[in-house]
Amino acid sequence: MRTHTCGQLRLENVGQRVTICGWVDTSRDHGQTIFLDIRDRYGKTQVVVNPDSGSAALEIAKSFRGEDVVLISGRVDRRLEGKDNTKLDTGAVEVVAEEVRLLNRSLTPPFFPNQEELPGEDLRLKYRYIDLRRTAMQNTLLLRSQIIKKMRDYFADHQFIDVETPILGRSTPEGARDYLVPSRVHWGKFFALPQSPQLYKQILMVAGYDRYVQVARCFRDEDLRADRQPEFSQLDVEMSFVDADDVIGLIDGLMVKLAKEILGIDLKTPLPRMTYDEAMRRFGSDAPDLRYGMEIVDCSDLARQTEFRVFRGAVDSGGFVRGLKIDRRAEEFSRKRIDELTEFVKHDFAAKGLAWFRCEPDGSLWSPISKNVEPTVLEGFKQRFQTSPGDLILLLADAWEVTCKGLNGLRRKLAAELKLYDPAQMHFSWVVEFPMFDHDPEENRWVATHHPFTAPRPQDLSKLKETPDACRAQAYDLVINGYEAGGGTIRIHDSGTQQCVFDLLGITPEMAVNRFGFLLDALRYGAPPHGGIALGIDRVVMLFGGLDNIRDCIAFPKTQRAMDLMTEAPGDVELKQLRELHIQVETPPVKSK
RNA sequence: GGGGCCGUAGCUCAAUUGGUUAGAGCACCGGACUGUCGAUCCGGAGGUUGCGGGUUCGAGCCCCGUCGGCCUCGCCA
């Protein structure tokens, strides 16, 4: 139908007879001359319809409205002297219409792809096909496509084999809530959609496919966030005969390639690494944003020297007193703003409160509580924080976890508000040596930090039974700008260690056989040492695209309540379908007032 | 499950903080116009203020509930 796209024509095409197709972006009707901007995903081209085009063409063009689909044939002409549009790549030329055809009329859309203010997100999602016409969305999906292609190229270049794994799998109680699919054939039984292809890729290692890669769709039925969707894509990787350094090194190479070819940035390798313990100590997070400083400072030892109950009480009960310093901007923090920060840490992180000190022009520390704190301790704070006049210190006195979460929350919030970093800047790093286990206080048991197949560091094997909390895993997370962009582990490849870990997690041999017997069996039939990683493709695209939510890098995302506003999924099904699946739906309980 | 913000014309927003007939820009409809590129000019139509209840002489505004969107804690690798 068309000879050129709407982004293609240049001065060198002047004189050619061309046909372009696309959507009417705008029309400017001057009576005997009509200018049309025709748009497709490649760009926009101006069309001129005038009396030379014929009165019929003029008549048709006059009827065009935004988003009508049209075909224009005509001659490419250099624009009149001084009439170039420098905003368009095609701005030096225009198509003088000889034939003007309406291919399909559009209803007046609820919004226009070229409108300056973005409509509400619910409208954008309901009319996603219109939203996807916006250049920003098209650029993002193009970026996504390029990133995935480069990932595939990279792994193909490194002798990886792409293997597809099942979508209909088996539910495993570990980890996130599963999306379930009922079986028609097997009464009362269910498939589960994969949270990740974890077990399959390990089986592939046993099978000798020593370098596996897949762009895998994964599903987790948990609550959504700006950076979390119930279905998402992972670049899933597994390798045999490797240690953590091998996997990290491979991904370093991928990041170098992506940063160079997508962003034009030269990354130095190896990418910086930090242990989990150091990350929690310095930033209170296992995915610290390293684009700015404002590190956590520990004052627990100073707190032990004061009679002030808030500080002393915290350390006496096994807690910590830790804080952040905001450089030279105390005047921006009114009492009201500090109260808001206090509310923030109390409400969001269950902190007991927020103590603060302002460094005065004479260098002394002032605070509503400063009279309660001994001068020597105040002096200690000054030394510890290296305060200068105008600095503001924020302190939490709480359990370790609360200080971590609260200070991490404060650090991120303040860095954004105070613009402590350039949003275009990118920072890549690794966090390594995660703990093997977290303690679940509610059920008083150990749970796997990563998953139950994660191998401990060899030097920590002996700690496995006596001090599980001191045992560190061969685990590594890729962190970009404070987001976990991916994570992986070296796996346990011998059934003895695996049994030991199951014991700790309270998984009895019977349960283990029942849940992952096939993996345990496989590990007994010549399993090579192996490990891998999975990168969150949506998040990588989000970060490389400088976007602040994951929905904008997915063509058809779900809302926060996990609905698709365009298709209105999930939806009702016929009673007949339910009967075939042997499923009865409970009547929802009536909400009591 | 908890907390917060938002919901007014097709879209983006306003409405002097409870006051009489709810406005603007864009879009839409009709008309004019041969060089625009956010075209311009003239005219027109368009509203259950998300929905339900309450307070009040009077509610877009206050209260309660509910629906929807977003952010967040819990949850989630």
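Just so we're on the same page: letters track the sequence lines, and every chain starts at 1. What you see is a predicted model; the values in this text were computed from it and never measured.
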Whichever of A:Pro110 and A:Thr26 has the more 5' nearest nucleotide on RNA chain B, that residue is A:Pro110

Closest-nucleotide mapping onto RNA chain B: is A:Gly66 or A:Glu117 further toward the 5' terminus? I mean the 5' end.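 Going by which nucleotide is closer to the 5' end, it is A:Glu117.
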
Look through every strand shown and name the nucleotide pairing with [N] as Watson-Crick or G-U wobble, where both distances are under 3.5 Å.
N	result
B:G52	B:C64
B:C5	B:G69
B:G25	B:C11

Per the glycosidic torsion and the 90° limit around 0, nucleotide B:U17 is syn

Whole Å only: how far is the [atom1] atom of [X] from the [atom2] atom of [N]?
X	N	atom1	atom2	result
A:Leu36	B:A39	CG	P	12 Å
A:Ile38	B:C37	CD1	P	17 Å
A:Leu123	B:A9	CG	C1'	13 Å
A:Glu116	B:C13	CD	C1'	11 Å
A:Gln115	B:A27	CD	P	11 Å
A:Asp37	B:G35	CG	C1'	13 Å
A:Lys413	B:G4	NZ	P	15 Å
A:Glu340	B:G4	CD	P	14 Å

Between [M] and [N] - [atom1] atom distance, rounded Å:
N	M	atom1	value
B:C26	B:C42	P	11 Å
B:U21	B:A15	C1'	14 Å
B:A9	B:G25	C1'	12 Å
B:C57	B:G44	P	40 Å
B:G23	B:U49	C1'	13 Å
B:C29	B:C61	P	34 Å
B:G47	B:U56	P	32 Å
B:U66	B:U20	C1'	31 Å

Salt bridge or not for [X] and [Y], using N-O below 4.0 Å?
X	Y	value
A:Glu121	A:Arg551	yes
A:Arg412	A:Asp289	no
A:Asp339	A:Lys336	no
A:Arg337	A:Glu417	yes
A:Lys126	A:Glu568	no
A:Asp25	A:Arg133	no
A:Arg144	A:Asp538	yes

Would one find more than 12 heavy atoms of other residues, nucleotides or ligands at under 6.0 Å from atom [atom1] of [X]?
X	atom1	answer
A:Trp23	CH2	no
A:Asp440	CG	yes
A:Arg228	CZ	yes
A:Arg78	CZ	no

Check: Are A:Phe111 and the base of B:C11 stacked, counting only ring centres nearer than 5.5 Å and planes tilted under 30°?
Finding: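 Not stacked by the 5.5 Å and 30° rule.
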
Below 3.5 Å, does any donor atom in the side chain of A:Arg79 face an acceptor in the base of B:C37, or the other way round? yes

Does [X] place a side-chain N or O at less than 4.0 Å from the phosphate oxygens OP1/OP2 of [N]?
X	N	answer
A:Lys83	B:U36	yes
A:Arg124	B:C11	no
A:Lys126	B:G69	no

Pairwise salt bridge (charged side-chain N to carboxylate O under 4.0 Å, His left out) hits with a residue in residues 344-353 of chain A, at least two apart: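 Sorted result for residues 344-353 of chain A: A:Lys352-A:Asp398.
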
Regarding the side chain of A:Leu565, the nearest nucleotide among B:G35, B:G69, B:C11 is B:G69

Next item on the list: May I ask you to say what A:Gln198 touches in the nucleic acid, namely base, sugar-phosphate or nothing, with a heavy-atom cut-off under 4.0 Å?
Entry: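 Result for A:Gln198 = nothing.
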
Q.
For a quick check of understanding: with a heavy-atom distance under 4.0 Å over all strands, which category does A:Leu118 fall into, base, sugar-phosphate or nothing?
A.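 Sugar-phosphate contact only - A:Leu118 comes under 4.0 Å of backbone atoms but never of a base.
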
Within residues 44-64 of chain A, those residues having any heavy atom closer than 4.0 Å to RNA chain B are A:Gln46, A:Pro51

Nucleotide by nucleotide, nucleotides 70-77 of chain B touches protein heavy atoms under 4.0 Å in the pattern (B base, S sugar-phosphate only, - none) BBBBBBBB

